[in-house]
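Okay, so here's the structure we're looking at.
Labels below follow one simple rule: chain letters A, B, ... track the order of the sequence lines, proteins then strands, and each chain is numbered from 1.
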Amino acid sequence: MPAADDPADAPADARAADPGGADPADAATDQAIPYRFDRTAAAGELQERYASLAAGEETGDEVAVAGRVMLVRPQGRLAFATLRDASGQVQLFALKAETDRFDTFAKLSLGDWVGASGRIVKTRKGELSVKVRDWVLLAKARRGFGDKWKGITDVETRYRQREVDLWANERTREVLTMRSRVLSALRRDLESQGFIEVETPMLHPIPGGAAAKPFVTHHNALDADLYLRIAPELYLKRLVVGGFERVFEIGRVFRNEGVSPRHNPEFTMLELYQAYADHTDLVPLLEQLVATVATEVRGTTRVQCEGREVDLTPPWRRASLAELTSEAVGEAVDVHSDPADLRRLLAAAGQDPHPGWGPGKLLLELFEKTAETSLWGPLFVTGFPAEVSPLARRDRHDPMLAERFEVIVAGRELVNGFSELNDPDDQRKRFEAQASARAAGDEEAMMVDEEYLRALEHGLPPTAGLGIGIDRLVMLLADVANIREVIAFPTLRPER
RNA sequence: GCGCCUCUAGCUCAAUGGCAGAGCAACGGACUCUUAAUCCGCAGGUUGUGGGUUCGAAUCCCACGGGGCGCACCA
């Protein structure tokens, strides 16, 4: 924290009055700021408790409230102020005849924090109020808040100075509160099913568990380059190797890629792994988990998103990638199709196929270019090619496919899940294929992870796992179109 | 990374080639039941930055910077 405000950065009025600190014209700042305040009631609680109090009625009930001054209406020898705390709002009613330091109270600024004590009354116009006897300034708002009617709407200010956005905009408080409730509901539900929450490293010697470009950093004492994790997957499966049968982690992952309304460089992922299960066991688990969370935070499994309904009530539709793609391109294709045909269709869809792509990659690209954009969901897309699923176990009926699904909800990929590949020899082959792709220029292809291979050699039981993009889940439930709305401090270019 | 849009007082916005304005906030004053209180007064600006065109630029052009959206990449 700076010792003093930079005068050039201070509001014009404060700068003119006193570049070093408080505005002497405002007597409220002459008060000593206490170190603590004994609050006895929250605004929301008072509104409930005294809902039936009649207009003009005065109680003898003494309370002490604290919060931020949102509006002030001085009126001669009376003054009203709207006080807001985390639970809601309550009016402060001050009278020159009864209120300590009334003149100073009447000069409070919007944004000031105050503590006030007095009796509960309801004004003649029916507004629940604390009739202030004593009050104290808890913090001075030296910077003005936005327009008192319109608040702050400038998106850059809203993201860069979220503290201002939060107290100016109700909707921001709602969305970030909903995020917290989503996380809490997820944890509760998983724990009730015997999953334990674990934490694994964020600094990885080899970035693994996903196809993505990592951030690189350096540890000085170890003189080692480390990567910010792109996924916790490999460490979580190592915990299953060690004997934890149901684990989950909710945590930040980092991907050094573009930003967009649906992508933030750091985002929150939930990954869970269940031993002795395959990908089909995850289907009801996921449906139930999402439905439970939706019911807890929205009260329903039928939510509105971007003006359309998303019905999260289980069960959700299932369709294979091959059938969805066939339908979209108007001819039957699958992972066994002639690669030449897949290339032709891909070119027709406007995508230039890379010479190194095998049939699996070609089919996936074709799906993404044709079918995926029109899907709304919720929908399990199954039958992903093994070629593009290097950590997933091969389909028991077709070794060209993996036992993997992605879930699309509200047109966005929300979940990726599969039966985990637990054969160390096959895993080594998959890593090697990835490494060749990497050598051929695919920056997002995986590296061979010997540590992980060694762990698999100790024996990973049959295990199923999935990952959920938490930010996107919150976007869905809060019905916001931009990922930055669900992240308290989204990544922006540094100021200046 | 590329394309399009955008940036004016603390905030929300006007002014589209001709004197940079309003509302709110702030500041001074009036007011004993207000609800975005009301009323009177006062102050507030290198129009994102730097160039250019023009008699004259917030306005037109170029570059740079911030932000938004789209594309690409992904979750």
*Run the numbers on A/Lys213 and A/Glu257 for salt bridge (Lys or Arg N to Asp or Glu O under 4.0 Å), then give the verdict.*
CA-CA 7 Å; A/Lys213 288 177 221 153; A/Glu257 292 160 355; over 6 Å; no
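- If you check B/G68, B/C33, B/U12 against the side chain of A/Thr123, the one that comes closest is B/C33.
- Residue A/Asn256 places none of its side-chain N or O atoms closer than 4.0 Å to OP1 or OP2 of B/C73.
- Across all strands, A/Gly146 comes closer than 4.0 Å only to sugar-phosphate atoms, never to a base (heavy-atom distances).
- Taking side-chain N and O atoms only, A/Gln75 has a distance below 4.0 Å to OP1 or OP2 of B/C33.
- When each of B/U12, B/G68, B/G67 is scored by its nearest atom to the side-chain atoms of A/Asp154, the top-ranked nucleotide is B/U12.
- Ring pair A/Phe105/A/Trp135 is perpendicular by interplanar angle, where above 60° counts as perpendicular and below 30° as parallel.
- Considering only the side chain of A/Leu492, B/G67 comes nearest among B/G67, B/U35, B/A72.
- The side chain of A/Ile152 lies closest to B/U12, out of B/A36, B/U12, B/U32.
- Here A/Glu444 lies in heavy-atom contact (under 4.0 Å) with sugar-phosphate atoms only.
- If you take CZ of A/Arg142 and P of B/C27, they are 14 Å apart, rounded to a whole angstrom.
- Both A/Asn416 and A/Thr157 lie close to RNA chain B; mapped to their nearest nucleotides by heavy-atom distance, the more 5′-ward contact belongs to A/Thr157.
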Can you list, pair by pair, the side-chain donor-acceptor contacts under 3.5 Å of residues 352-364 of chain A, counting residues two or more places apart and other chains?
unit_1   : atom_1 : unit_2   : atom_2 : d
A/His354 : ND1    : A/Gly356 : N      : 3.0
A/Lys361 : NZ     : A/Glu365 : OE2    : 3.1

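- Nucleic acid contact class of A/Arg412 (heavy atoms, under 4.0 Å, all strands): none.
- When heavy atoms are screened at a 4.0 angstrom cut-off, A/Asp471 is found touching no nucleic acid atom at all.
- Across B/A58 and B/G17, the matching P atoms stand 13 Å from one another, rounded to whole Å.
- When the nucleotides B/U12, B/C33, B/G67 are ranked by their closest atom to the side chain of A/Thr153, B/U12 comes out on top.
- Between B/C60 and B/G66, the distance separating the two P atoms is 22 Å to the nearest Å.
- The residue A/Asn264 sits close to a base: some heavy atom pair falls under 4.0 Å.
- For the OP1/OP2 pair of B/A25 and a distance below 4.0 Å, the side-chain nitrogens and oxygens of A/Lys148 include at least one atom meeting the criterion.
- Atom CG of A/Asp165 is separated from atom C1' of B/U12 by 15 Å (rounded to the nearest Å).
- Which of B/C73, B/G67, B/C11 sits closest to the side chain of A/Asp147 comes down to B/C11.
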*Under the side chain to side chain donor-acceptor pair (under 3.5 Å) rule, what do A/Ser129 and A/Gln91 come out as? Steps first, then yes or no, please.*
CA-CA 4 Å; A/Ser129 308; A/Gln91 180 169 265; 3.0 Å; yes
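- For A/Glu233 and A/Tyr235, the side-chain atoms include no donor-acceptor pair closer than 3.5 Å.
- At least one side-chain nitrogen or oxygen of A/Arg493 sits closer than 4.0 Å to the OP1 or OP2 atom of B/G67.
- Distance A/Phe80 CZ to B/U38 C1': 13 Å, rounded to the nearest Å.
- A sub-4.0 Å separation between OP1 or OP2 of B/C31 and a side-chain N or O of A/Arg77 is absent.
- Rounding to whole angstrom units, CD of residue A/Gln161 and P of B/G66 are separated by 17 Å.
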*So what does the secondary structure string of RNA chain B come out as, 5' to 3', with Watson-Crick or wobble pairs under 3.5 angstrom, [ ] for crossing and | for pairs with another strand?*
(((((((..((((....[..))))..((((.......))))......(((((..]....))))))))))))....
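- One finds no side-chain N or O of A/Lys213 lying less than 4.0 angstrom from the OP1 or OP2 phosphate oxygen of B/A72.
- In this structure, the CH2 atom of A/Trp167 is 13 Å from the P atom of B/A25, given to the nearest Å.
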_side chain to side chain donor-acceptor pair (under 3.5 Å) between A/Glu485 and A/Tyr159, intermediate numbers included_ = CA-CA 8 Å; A/Glu485 295 293 343; A/Tyr159 296 154; 2.9 Å; yes
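- Atom-to-atom, CG of A/Leu110 to C1' of B/U35 comes out at 14 Å; the value is rounded to the nearest Å.
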Let me have the donor-acceptor pairs involving side chains of residues 475-482 of chain A, under 3.5 Å, with sequence neighbours excluded, atom names and distances please.
unit_1   : atom_1 : unit_2   : atom_2 : d
A/Asp479 : OD1    : A/Glu306 : N      : 2.8
A/Asn482 : OD1    : A/Arg484 : N      : 2.9

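- A donor-acceptor contact closer than 3.5 angstrom is absent between the side chains of A/Thr59 and A/Lys122.
- Taking atom P in both B/C40 and B/G23, the straight-line distance is 10 Å, to the nearest Å.
- If you take atom C1' in B/C42 and the same atom in B/G28, they sit 7 Å apart, rounded to whole Å.
- Heavy atoms of A/Tyr159 sit under 4.0 angstrom from primed sugar atoms or phosphate atoms, though from no base atom.
- Note on A/Gly151: only backbone sugar-phosphate atoms sit closer than 4.0 angstrom, heavy atoms only; bases stay farther off.
- With B/C69, B/C33, B/A37 as the candidates, the nucleotide lying closest to the side chain of A/Leu78 is B/C33.
- Looking at the side chain of A/Lys150, the nearest of the listed nucleotides B/U12, B/A26, B/C73 is B/U12.
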*Under the side chain to side chain donor-acceptor pair (under 3.5 Å) rule, what do A/Thr382 and A/Arg318 come out as? Steps first, then yes or no, please.*
CA-CA 7 Å; A/Thr382 61; A/Arg318 300 177 64 168; 5.6 Å; no
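- In this structure, A/Arg484 reaches the B/G68 phosphate: one of its side-chain N or O atoms is under 4.0 Å from OP1 or OP2.
- Across all strands shown, A/Leu71 has heavy atoms under 4.0 Å from sugar-phosphate atoms exclusively, and none from any base.
- Base contact: A/Pro74 has a heavy atom under 4.0 Å from a base atom.
- Rounded to an integer number of Å, the gap from A/Arg84 CZ to B/U35 C1' is 15 Å.
- On the P atoms, B/A25 is 15 Å away from B/U12, given to the nearest whole Å.
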*asked:* Could you walk me through whether A/Arg430 and A/Ser389 satisfy the side chain to side chain donor-acceptor pair (under 3.5 Å) test, starting with their C-alpha distance in whole Å, then the side-chain angles of each, then the deciding distance to 0.1 Å, before giving a yes or no?
replied: CA-CA 9 Å; A/Arg430 308 277 198 102; A/Ser389 313; over 6 Å; no
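- At the heavy-atom level, A/Ile468 lies nowhere under 4.0 Å from the strands shown.
- Among A/Arg124, A/Arg119, A/Lys131, the one residue that satisfies the salt bridge (Lys or Arg N to Asp or Glu O under 4.0 Å) test with A/Glu58 is A/Lys131.
- Distance from the side chain of A/Glu127 is smallest to B/U35 among B/U12, B/A26, B/U35.
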